[in-house]
2 protein chains.
Amino acid sequence: MAKTTTPNHAGAARQRGVTMNDVAKRAGVSRTAVSFVLSNRENASISEETRTRINEAVQALGYRPNAGARALASQRSDWYGIVTEIVTAPFAVDIIKGAQDQAWLDRKFLLIAPSDQADAVGPNQGLEDAATEKLLEQRVEGLLYAATFHRGVHVPETAKEVPTVLINCFDADGKLPSIVPDERAGGRTAVERLLRAGHRRIGVINLDPVIPAAIGRLEGAREALADAGLELDPELVVPGYATADGGYEAACRILDRYPQEDRPTALFCLNDRMAMGAYDAIKERGLTIPGDIAVIGFDNQELIAAYLRPKLTTVALPFEKMGALGVQTLAALTAGQPIIADQQLVGCPLLERSSV
Amino acid sequence: MAKTTTPNHAGAARQRGVTMNDVAKRAGVSRTAVSFVLSNRENASISEETRTRINEAVQALGYRPNAGARALASQRSDWYGIVTEIVTAPFAVDIIKGAQDQAWLDRKFLLIAPSDQADAVGPNQGLEDAATEKLLEQRVEGLLYAATFHRGVHVPETAKEVPTVLINCFDADGKLPSIVPDERAGGRTAVERLLRAGHRRIGVINLDPVIPAAIGRLEGAREALADAGLELDPELVVPGYATADGGYEAACRILDRYPQEDRPTALFCLNDRMAMGAYDAIKERGLTIPGDIAVIGFDNQELIAAYLRPKLTTVALPFEKMGALGVQTLAALTAGQPIIADQQLVGCPLLERSSV
DNA sequence: GCCAGTAGGTAACGCGCGTTACTTGCGCAT
DNA sequence: ATGCGCAAGTAACGCGCGTTACCTACTGGC
């Protein structure tokens with residue numbers, strides 16, 4: 001039996017990688033000692049001298065722990081998974097940033113799985129299942145679901161094997177904890193800002209009235225007006241498609257409907273894209289912003305709000321903070337701690353620019 | 001010694017997960033047989049009957065393979081890693097989408113690591129190193145580096161232990177393969193479009209002249225003009241900051257400098273943000289787009305280009321395609337295949353809208 | 001009646017590491 | 001001299017799985 005004893009694809013360029021055994025051998029100690037040093041075990045007793053010898057060996061060999069093996073042995077992966085449509089509809093990409101930053105701080109790794117891979121044609125649900133499945137195969141310790149816009153969603157059944165938190169959406173049928181923007185407070189903030197600038201007659205360019213964003217923001221607007229002893233005039237609330245064109249048309253309707261003295265002096269646009277269209281309508285009529293008409297938006301879509309002329313004052317959706325809070329909640333959940341509430345609301349800060 | 005023999009955090013909710021052994025036991029076969037069935041080994045001989053019995057057991061128990069253990073045993077992780085600043089500067093997020101889609105098709109998983117974590121304060125380089133290190137600990141089979149804008153970069157030394165491909169950037173000092181947009185051809189495309197519409201006198205709103213995007217796009221513009229027997233008038237090339245304001249100012253300068261009959265009839269803005277500002281300058285002067293002045297942009301920043309009024313005709317940066325090509329190149333590299341070229345150029349398609 | 005060949009499996013090793021139980025040497029009080 | 005306690009380690013098991021080498025019918029050809 002004169003077989004060569006190199007079962008591993010030995011000739012190839014891929015070197016086997018240095019293991020703990022190599023380090024141990026070089027330092028003249030047992031592998032266990034190396035493991036103790038590398039994982040900083042308090043109680044285990046290793047002399048300062050061998051400790052440094054081991055560390056030197058690690059340096060010299062360029063040893064790098066194998067995360068997979070570590071996960072296998074320790075029964076914990078240090079991974080969270082996030083399944084999201086954001087990768088393909090990047091509007092709310094800051095959620096990922098916030099989540100990732102927070103995960104990094106916690107020494108966790110965030111696995112990002114897209115929820116709408118065109119792997120197989122079919123109803124979207126199946127594809128989310130595939131993404132979830134893939135993440136569970138990686139033995140993630142917790143799952144995050146993130147949506148591009150605030151709405152109710154259905155989460156695959158399999159997800160419930162592991163702690164799960166929803167971000168910018170909520171569980172339409174179950175009891176999963178979620179993190180969503182405080183739309184109502186945001187709407188209030190926007191209108192209060194306009195009132196503070198002296199406006200009494202405020203037009204509202206509304207979104208599709210059934211979505212949570214529209215419901216909440218409008219409710220907040222109503223509250224702010226009520227606090228000032230005013231009522232929201234239903235005639236001044238006009239709906240539009242959530243686009244620049246939609247905003248343009250809605251603004252035209254609202255501006256052309258009244259004689260100058262009855263015309264609203266401010267417009268609350270329920271998102272920045274519509275505000276962008278409203279700008280055009282206002283400028284077309286020879287009116288100035290904010291001199292003749294003040295405009296306030298919502299969402300803080302940087303690419304629009306910061307580049308419009310004049311720059312758009314708007315209420316920001318706290319994507320990054322929601323992402324971070326999602327990871328924090330997940331950490332609490334996996335640690336077995338009770339969570340604060342089923343649904344956590346995150347405030348929407350006002351961003352002052354130049355349109356009010 | 002009446003110790004309880006449950007070393008695992010047994011009381012907790014976290015069940016141990018069903019393993020291959022469980023499946024084997026339930027199907028009344030050896031674990032090896034299960035492994036053979038699950039990995040679809042061609043040569044191994046398993047009767048059709050036991051095969052279905054095993055599959056039934058898998059279903060019944062809800063068995064899910066442990067990716068980490070599989071990676072450990074098979075010495076291949078099926079992971080690629082991508083290091084990128086895109087997560088925090090989402091302009092080019094489509095690179096991730098393209099890469100991820102392609103990875104998914106290849107049954108690979110893409111680990112996304114942000115390159116600018118504020119983990120420790122210090123020069124950016126160190127942080128990229130940390131991200132790279134973390135990915136290598138996961139034993140990724142290949143590395144991708146993606147930048148938000150086309151430029152030269154320095155890649156951490158450690159990255160070179162594994163096949164590496166750069167996307168939307170290139171190795172400033174070494175020989176790593178890269179995927180970048182064909183800026184020159186894109187510039188040519190833009191100007192050819194304007195020429196085709198009959199324009200002879202074309203103003204160019206330039207970026208910082210030293211960056212690859214500016215150099216390439218301008219060179220392409222020059223070529224297109226030369227093909228038509230024209231020369232690029234240096235006076236008509238005005239630089240500006242890469243913002244809406246910068247575009248506004250540059251457009252003002254260019255529009256106010258000439259009497260009407262000498263005024264350029266078209267503006268080639270080297271990015272869409274500047275085009276956005278140019279729109280304002282044009283409209284302010286009572287001119288129409290594209291009637292009096294045609295405008296063409298570059299980058300195809302959806303949020304701007306598709307929402308400007310009129311919608312902006314522009315040349316798109318092929319982010320998604322570059323991401324996909326990056327993964328394909330990586331696949332070739334890890335398979336030991338030779339790659340096509342050190343630097344692959346990807347074409348920039350024209351997106352016709354309404355501003356020309 | 002015997003051997004070769006094949007279908008249908010199984011035992012056992014190793015991947016790299018965490019962890020527990022155990023061993024060894026040594027100083028010190030009795 | 002003996003026993004005790006502690007510092008400083010080490011041997012060995014198991015995590016879940018891929019893989020190789022082997023084993024046991026059973027069939028067919030001569």
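Chain A is the first sequence line, chain B the second, and so forth, proteins listed ahead of strands; every chain is numbered from 1.
A donor-acceptor contact shorter than 3.5 Å is absent between the side chain of A:Asn168 and the backbone of A:Ala146.
Using a 4.0 Å cut-off, some side-chain N or O of A:Thr50 falls inside it from OP1 or OP2 of D:dG9. Contact annotation: B:Ser30 does not reach the phosphate of C:dA11 (side-chain N/O to OP1 or OP2, under 4.0 Å). When the side-chain nitrogen and oxygen atoms of B:Ser47 are compared with OP1 and OP2 of C:dG9, one or more of them lie within a distance under 4.0 Å. Between A:Arg70 and C:dG18 there is a side-chain polar atom (N or O) within less than 4.0 angstrom of OP1 or OP2.
Distance, B:Arg31 CZ to D:dG16 P: 11 Å, rounded to whole Å. If you measure from atom CD of A:Gln138 to atom C1' of D:dC17, you get 14 Å, rounded to the nearest angstrom. Separating the CD1 atom of B:Ile46 from the P atom of C:dG8 is a distance of 9 Å, rounded to the nearest angstrom. At whole-Å resolution of the value, CD in A:Glu48 and P in D:dA7 are 15 Å apart. As a whole-Å value, the separation of A:Arg76 CZ from D:dC15 P is 18 Å. In this structure, B:Glu49 places its CD atom 13 Å from C1' of C:dG9, rounding to the nearest Å. When rounded to the nearest whole Å, the span between CD of A:Gln75 and P of C:dT19 equals 10 Å. Atom P of nucleotide D:dG16 and atom CG of A:Asn66 are separated by 16 Å, given to the nearest angstrom.
Of the listed nucleotides (C:dT10, D:dC17, C:dG9), C:dG9 has the atom at the smallest distance from the side chain of B:Ser45. Closest contact between the side chain of A:Phe36 and the listed nucleotides C:dT19, C:dA11, C:dG18 involves C:dT19. Here the side chain of B:Ser35 is nearest to one of C:dT10, C:dC17, D:dT19, namely D:dT19. Ranking C:dG16, D:dT10, D:dG18 by closeness to the A:Ala69 side chain, first place goes to C:dG16.
Checked for salt-bridge contact, A:Glu137 and B:Arg70 miss the test: no charged N lies under 4.0 Å from a carboxylate O. Of the charged side-chain nitrogens involved, at least one lies within less than 4.0 Å of a carboxylate oxygen, so that A:Asp101 and A:Lys97 count as a salt-bridged pair. B:Glu141 and B:Lys108 are joined by a salt bridge, as a carboxylate oxygen and a charged side-chain nitrogen come within less than 4.0 angstrom of each other.
The base of C:dA11 is paired with the side chain of B:Thr32 by a donor and an acceptor separated by under 3.5 Å.
Inspection of the A:Thr132 and A:Tyr145 side chains reveals an N or O donor paired with an N or O acceptor under 3.5 Å.
Residues B:Arg139 and B:Arg51 each lie close to DNA chain C; by heavy-atom proximity, the contact nearer the 5' end of the strand is made by B:Arg51.
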